[in-house]
Undergrad: 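My questions all concern the structure below.
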Amino acid sequence: MSKYLSSDFKLGIICGGQLGKMLGLAAANWDVSTHVLDANEDCPAAKVCNEYTKGHHTDFDAVYAFGKKVDLITFEIEHVNIEALKKLKSEGKAIFPDPELLETIKDKGLQKLFYQKHNIPTSNFELYENADQILAAIKEGKLQYPFVQKSRTDGYDGKGVAVIQSEKDLELILPVPSVVEDAVAIEKEIAISIARNQKGEMALYPLVEMEFSETANLVEFLSCPANVSESIEKEAISLAIKIAEALDLVGILAVELFLDKQGNLSVNECAPRTHNSGHHTIENNYTSQFEQQIRAVLNLPLGSTKMKSPAVMINLLGEDNYSGPVYYEGFEEIMQMEGVHPHIYGKSTTKPFRKMGHITIVDDSLENAIEKAREVKEKIKVISR
Ligand code: ADP
């Protein structure tokens, strides 16, 4: 371990959004030197990492040159230039999670095929090259409403997802290679994060429950622990372990699950990185998801994921109709509330529904935390003035 502390060792982080920033902050606790690659010099992580390199994460040359400068590469986003990572790996660079794992996950089509191959429950699906093929399948009676179409690559936060309930939604169909899957009658959306190091040691976080905002397609309220039966919890844990082992994960992986109205659990998707559904772990667990990612990629013992108290996390999104330099209205008011921990990512401008920060609310009782979270949501507004 000591070789990483206060030394010349450089941990490279690809992309410097809020996840990169929180990763950089966790690394700073141990004086592990961080170096971030991002196209925007004003990105949140540039302010907290030791070094910043300008470059786009999808650009081969930028990723390759960055990789040459650091000792170990990890990332906060899936859409990284895989060819550059593969070349770096072939030259001996340590990259965690592995580029091959990333290649499978970043393409929602390959991800679904992976679940199918490993008998991991997921909604039935077909792969399509373009919109015409989908329309033809409907016409021929091979595809029935309702269904969900997902762009195979580059989607995030619901962008790249079209829910097609009936013929009137057909104009929403995306003109890209996609996965088309059965619409699940969702009772609850839940998530579980799992970390694994090179020794194969694993650590699982308590299950969380997410409520999505229909307008923003982002998590509105996340509560921990999830209100599910013990058998669902066990099933979620064993699915997460099965996926992490089959992927030979080194790092942290968030597994998003659907619990349907019949009580069946299925995997929606995975993200091989820290995740919005784990932000509350900073205040709420013995080891945050960010510290855990560092432990996992450096092959250190994993930290305890034990929960300190119930918690709720809300995303701080830019208000609709406001764009420009950001102002956080009501910030001082929420600071007076017990157990309320705001995180401001440091993006200088706001736009409608942009993720500008998050707030974790901890309390001895989940009901109180939920109540307080609703109050916080009323009080704080992300605007421009
Ligand atoms: P993203 O990667 O952009 O977050 P997701 O695959 O998580 O996209 O989908 C976004 C949201 O769309 C999910 O959280 C869920 O609410 C809804 N959704 C996705 N797939 C399905 C499905 N098969 N059935 C019903 N709803 C779905």
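Whatever order the structure lists them in is the order used to number ligands and atoms, beginning at 1. All values below come from the heavy atoms of this structure, side chains included, with hydrogens, waters and symmetry mates left out. Please read all numbers here as calculations on a predicted model, not as lab measurements.
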Undergrad: Looking at ligand 1, would K108 count as a contact under a 4.0 Å heavy-atom criterion?
TA: yes
Undergrad: Atoms of ligand 1 less than 4.0 Å from E189 heavy atoms?
TA: 13 (C), 14 (O), 15 (C), 16 (O)
Undergrad: Could you point out which residue of F9, F66, Y52 forms a ring pair (Phe, Tyr, Trp, His ring centres under 6.0 Å) with H35?
TA: F66
Undergrad: Any idea which atoms of ligand 1 are less than 4.0 Å away from a heavy-atom of K150?
TA: 6 (O), 19 (C), 20 (N)
Undergrad: Has A183 got any heavy atom lying under 4.0 angstrom from an atom of ligand 1?
TA: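 Within the 4.0 Å threshold, so yes.
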Undergrad: Side chain, backbone, both or neither: which part of I186 comes within less than 4.0 Å of ligand 1 when only heavy atoms are counted?
TA: side chain
Undergrad: Heavy-atom distance to atom 1 (P) of ligand 1: which of E269, E211, Q149 wins?
TA: E269
Undergrad: If the cut-off is 4.0 Å to any non-hydrogen atom of N268, which atoms of ligand 1 fall inside it?
TA: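 Counting atoms of ligand 1 from 1, those under 4.0 Å from N268 are 5 (P), 6 (O), 7 (O), 20 (N).
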Undergrad: Can you sort out which atoms of ligand 1 are near E256, meaning under 4.0 Å from one of its heavy atoms?
TA: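 Numbered from 1, ligand 1 contributes 7 (O).
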Undergrad: For ligand 1, which atoms sit closer than 4.0 Å to a heavy atom of V161?
TA: 8 (O), 9 (O)
Undergrad: To check you understand the geometry: which heavy-atom pair defines the closest contact between G20 and C49, and what is its length?
TA: O-SG, 4.4 Å
Undergrad: Return yes when F147 approaches ligand 1 closer than 4.0 angstrom through a heavy atom, no otherwise.
TA: no
Undergrad: Touching ligand 1 at all, D182? Heavy atoms, strictly under 4.0 Å?
TA: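 For ligand 1, residue contact (heavy atoms, under 4.0 Å) with D182 is present.
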Undergrad: With heavy atoms of E181 as the reference, note each atom of ligand 1 found under 4.0 Å away.
TA: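 Reading through ligand 1 atom by atom, the close ones are 20 (N), 21 (C), 22 (C), 23 (N).
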Undergrad: On a heavy-atom basis, which atom in I383 and which in E319 lie closest, and how many Å separate them?
TA: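 In terms of heavy atoms, the two residues are closest at CG2-CG, 3.9 Å.
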Undergrad: Report the distance from atom CG of L23 to atom OG of S288, rounding to the nearest 0.5 Å.
TA: 9.0 Å
Undergrad: Taking the side chain as everything from C-beta on, heavy atoms only, tell me whether L19 gets closer than 4.5 Å to R273.
TA: yes
Undergrad: Holding to side chain to side chain contact (heavy atoms under 4.5 Å, CB included), I want the full list of residues that pass it with K168, two or more places apart in sequence or in another chain.
TA: S166
Undergrad: Considering residues at least two apart in sequence or located in another chain, which fulfil the side chain to side chain donor-acceptor pair (under 3.5 Å) criterion with E233?
TA: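 Counting only residues at least two positions away or on another chain, E233 forms no side chain to side chain donor-acceptor pair (under 3.5 Å).
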Undergrad: Side chains of Q18 and K347: is there a donor and an acceptor less than 3.5 Å apart?
TA: yes
Undergrad: Here's a test for you: under side-chain contact (heavy atoms from CB on, under 4.5 Å), which of N227, V255, I192 qualifies with L207?
TA: I192
Undergrad: Does V148, backbone or side chain, put an N or O under 3.5 Å from an N or O of ligand 1?
TA: no
